[in-house]
Amino acid sequence: MMKFEFYNPTRLIFGAGSLEQLGKVVSQYGKKALLVTGGGSVKKSGAFDRAVGSLKAASVSVVEFSGVEPNPRLSTVMRATELAKKEECDVVIGMGGGSVMDASKVIAATVFYKGHPRDMLMRAGKVQRLPEKALPIITVPTLAATGSEMNCGAVITIDDEEEKLKTFIKTEVLYPKVAVVDPELTITVPKIQTAYGVCDIITHVTEGYFNGIDGTPIQDRFAEGVIITVMEWGPKAVSDGSNIEARIQVQWASIVALNGWVQVGTNYSAPVHMIEHTLSALYDVPHGAGLAVVNPAWMRFAARFRPERFAQFAQRIFGISAMGKDDLSLAMEGIDRFEEFLRSIGCPTRLSELGIGEITEEMLSYWADKTLEVICDEEGKLPGRPPLRKEEIVE
Ligand code: NZQ
Ligand code: ZN
């Protein structure tokens, strides 16, 4: 276990019907809110009108910015920031999936940021200058997946003429003041998007589980708890979207998986995410779908270096018997079962299923370069266990 400091100041209001509290919550932070939404799902479901009603009842005026796309672009963030400045908004509400919440966080910081906001994002393992200030951020997730509602990270795609890169920022000023989490809002999430969310949640904890150090028994059990719970309740949410109990369990799991608690002390890194971000940047693949392809493939590669860890996963998650097997074969059996689980809920597990078309050696090499353009260690490797050289990412 490593030394660590843990801080997460986001107030969490969780439970079916919580949306009604939005106005009261926001009024504690501002009088004029920039209400950020995506491509229209919240309007279709009626959640938008309910949110506006609650805000108006609490005397909070609303400036709407809609149209944040999945895998949100920096240019969109910049347009929204202009609006927030022009309208002198004093609080930002992100109501939607991870894309909307992430965009909202970066909008809130860009309002005060001197210079181009690309400089606050990770490039080649470095950030030029982190923001020191942000407008108060309130998150209202409508999809259980990223955990963005209660963490200080945001993933943004730089879409300048000269640079195209899906990268991220993680810094304290981006912690939402409050996450208003109403799992009823996730009832309208389509089956396949629900399945992608399930895969994302599991991958958030497997990254720590497999890339972290040894000797973290409590963190291991937290991660296993999240995986087992999501494997039990996720398929129920996929097969019957209106099963509110399933929606509640999956939503809570998404928060627990990435609010920092599961990863503390493990020296967490996220190579599967970094590789996937390249796919979603270049081909606009949904994040969870890309992870379903990359994670089992990465696991098969990494298991060779740490078979005992993967054998533990096989035994504890799937109850696979170790009788007569060495760690590596046990590990591979566990990974096969994990992949079968992903397929059973409808996730793709092969690159060919992502609609990318024919994949060439040049493309693989370019993807690896792009991944390392976001983050690499001093030796030019992708951090993880083991750290990956370009050739290994390609493999
Ligand atoms: O845009 P709208 O119309 O809202 O539709 C969205 C979008 O098409 C739809 N949706 C959301 N809530 C819905 C709904 N449809 C019906 N009913 C609802 N209640 O779902 C689609 C996908 O939305 P998106 O926000 O893109 O999905 P997700 O929550 O999976 O977020 C993915 C983004 O988050 C980043 C990913 O890289 C990706 O850009 N991540 C952010 C993280 C963080 N901040 O900590 C960590 C994650 O690992 C991840 O990288
Ligand atoms: Zn993720």
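- Relative orientation of the H277 and H273 rings is perpendicular, given thresholds of 30° and 60° on the angle between their planes.
- In this structure, the side chains of I158 and K164 stay at 4.5 Å or more apart for every pair of heavy atoms.
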>> Would F305 and R385 count as a side chain to side chain contact (heavy atoms under 4.5 Å, CB included) here? Give the steps.
In response: CA-CA 8 Å; F305 299 86; R385 197 169 165 174; over 6 Å; no
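- Under a hydrophobic-cluster definition in which Ile, Leu, Val, Met, Phe, Trp and Tyr are linked whenever side-chain heavy atoms come within less than 4.5 Å, directly or via other members, V189 and I255 are assigned to different clusters.
- Two residues are said to be in side-chain contact when any heavy atoms from C-beta on lie closer than 4.5 Å; L19 and V140 meet this criterion.
- Here CD1 of I317 is found 12.5 Å from CZ of F310. Values are rounded to the nearest 0.5 Å.
- Of all heavy-atom pairs between P296 and L291, the closest is CD-O, 4.0 Å.
- Figure legend: cation-pi geometry between R129 and Y113, with NZ or CZ positioned under 6.0 Å from the six-membered ring centre and within 45° of its axis.
- For E333 and Q315, the side-chain atoms include no donor-acceptor pair closer than 3.5 Å.
- Here the side chains of F168 and I375 are in contact, with some heavy-atom distance below 4.5 Å.
- Among residue pairs with one or both ends in residues 94-108, those qualifying as side-chain hydrogen bond (donor to acceptor under 3.5 Å, both in side chains) are D102-S148, K105-S148, K105-N151; sequence neighbours excluded.
- Looking at T349 and R343, their side chains do bring a donor and an acceptor atom within 3.5 Å of each other.
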>> M274 vs I393, test: side chain to side chain contact (heavy atoms under 4.5 Å, CB included). Steps then yes/no.
In response: CA-CA 10 Å; M274 294 305 130; I393 301 176; over 6 Å; no
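- Neither side chain, D200 nor T203, offers a donor N or O lying under 3.5 Å from an acceptor on the other.
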>> Using the rule given for side chain to side chain contact (heavy atoms under 4.5 Å, CB included), can you reason through I202 versus F341, listing the C-alpha separation, both sets of side-chain angles and the distance that settles it, and then say yes or no?
In response: CA-CA 11 Å; I202 294 177; F341 167 76; 3.8 Å; yes
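- In this structure, the side chain of S329 does not engage the main chain of K325 through any donor-acceptor pair within 3.5 Å.
- Counting heavy atoms of neighbouring residues, nucleotides and ligands inside a 6.0 Å radius, atom NZ of K370 exceeds 12 of them.
- Around the CD1 atom of I218, the shell of radius 6.0 Å holds no more than 12 heavy atoms that belong to other residues, nucleotides or ligands.
- In this structure, S61 OG and L35 CG are separated by 11.5 Å, a value rounded to the nearest 0.5 Å.
- Other residues, nucleotides and ligands place no more than 12 heavy atoms under 6.0 Å from the CD atom of E361.
- Across all non-hydrogen atoms, the minimal contact from I93 to A33 is CD1-CB, 3.7 Å.
- Of the inter-residue distances, the one linking L279 atom CG with D284 atom CG reads 11.5 Å to the nearest 0.5 angstrom.
- Judged purely by atom type and a 3.5 angstrom limit, R123 has no side-chain atom pairing as donor or acceptor with the backbone of L121.
- The closest side-chain donor-acceptor pair between D159 and S75 falls under 3.5 angstrom.
- Considering only heavy atoms from C-beta on, D49 stays 4.5 Å or farther from V42 through its side chain.
- Using a cutoff of 4.0 Å between basic side-chain nitrogens and carboxylate oxygens, R247 and D182 are not scored as salt-bridged.
- Using a 4.5 Å heavy-atom threshold, the side chains of V238 and W233 count as separate.
- The closest donor-acceptor contact from the side chain of S239 to the backbone of P235 lies under 3.5 Å.
- With respect to the salt-bridge test (charged N to carboxylate O, under 4.0 angstrom), the residues K126 and D119 do not qualify.
- The backbone N or O of P72 sits nowhere less than 3.5 Å from a side-chain atom of T76 that would complete a donor-acceptor pair.
- Between the CD atom in Q251 and the OG1 atom in T142 there is a gap of 8.5 Å [rounded to 0.5 Å].
- Side-chain polar atoms of S66 and T37 form no donor-acceptor pair below 3.5 angstrom.
- At distances below 3.5 Å, not a single donor-acceptor pair connects side-chain atoms of T266 with backbone N or O atoms of G212.
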>> For a salt bridge (Lys or Arg N to Asp or Glu O under 4.0 Å) check, start with the C-alpha distance between E132 and K114, then their side-chain angles and the critical distance, and finish with the verdict.
In response: CA-CA 10 Å; E132 284 161 12; K114 303 266 180 285; over 6 Å; no
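- One side chain, K166 or S280, offers a donor N or O that lies under 3.5 Å from an acceptor on the other.
- Between V36 and V100, the closest heavy-atom pair is O-CG1, 3.3 Å.
- When side chains are defined from C-beta on, F112 does not count as touching T81, because their heavy atoms never get closer than 4.5 Å.
- Taking the side chain as every heavy atom from C-beta outward, T146 and S254 never approach each other to under 4.5 Å.
- When all heavy atoms of R306 and Y209 are compared, the pair lying nearest together is NH1-O, 3.7 Å.
- The backbone N or O of V63 sits nowhere less than 3.5 Å from a side-chain atom of K32 that would complete a donor-acceptor pair.
- Using a 4.0 Å cut-off between charged nitrogen and carboxylate oxygen, R350 and E353 do not count as a salt-bridge pair.
- In this structure a side-chain-to-backbone donor-acceptor pair under 3.5 Å is missing from D160 to E163.
- Taking hydrophobic clusters as Ile, Leu, Val, Met, Phe, Trp and Tyr residues chained together by side-chain heavy-atom distances below 4.5 Å, M78 shares a cluster with L130.
- G94 approaches M101 most closely through the heavy-atom pair O-CG, 3.9 Å.
- Between F210 and F313, the ring center distance clears the sub-6.0 Å criterion.
- With no hydrogens or angles considered, no side-chain donor-acceptor pair links S59 and K31 at under 3.5 Å.
- E308 and Q312 share no donor-acceptor pair across their side chains, judged by distance under 3.5 Å alone.
- Remark: side-chain polar atoms of T216 are not paired, donor with acceptor, to backbone N or O of Q219 under 3.5 angstrom.
- Distance CG/L382 to CG/D377: 8.5 Å, rounded to 0.5 Å.
- Salt-bridge check for E64 with K43: passed, with a basic side-chain N closer than 4.0 Å to an acidic carboxylate O.
- Using a cut-off of 4.0 Å between Lys/Arg side-chain N and Asp/Glu carboxylate O, R389 and E379 are scored as not salt-bridged.
- Side-chain contact of R118 with T167: a donor-acceptor pair under 3.5 Å is absent, judged by distance alone.
- Atom CZ of R304 sits in a crowded spot, with more than 12 heavy atoms from other residues, nucleotides or ligands closer than 6.0 Å.
- The minimum heavy-atom distance linking F14 with I248 is given by the pair CZ-O, 3.7 Å.
- One N or O on the side chain of S321 and one on the backbone of M323 form a donor-acceptor pair closer than 3.5 Å.
- Taken to the nearest 0.5 Å, the NZ atom of K381 stands 11.5 Å off from the SG atom of C376.
- Taking hydrophobic clusters as Ile, Leu, Val, Met, Phe, Trp and Tyr residues chained together by side-chain heavy-atom distances below 4.5 Å, F318 shares a cluster with L330.
- Classification of the W367-Y283 ring pair by plane angle, with boundaries at 30° and 60°, yields perpendicular.
- A donor-acceptor distance shorter than 3.5 angstrom exists from the side chain of T139 to the backbone of E149, with no hydrogens or angles considered.
- Two residues are said to be in side-chain contact when any heavy atoms from C-beta on lie closer than 4.5 Å; V180 and V178 meet this criterion.
- Salt-bridge formation is detected for the pair E224/R221: a Lys NZ or Arg NE/NH1/NH2 atom is positioned less than 4.0 Å from an Asp or Glu carboxylate oxygen.
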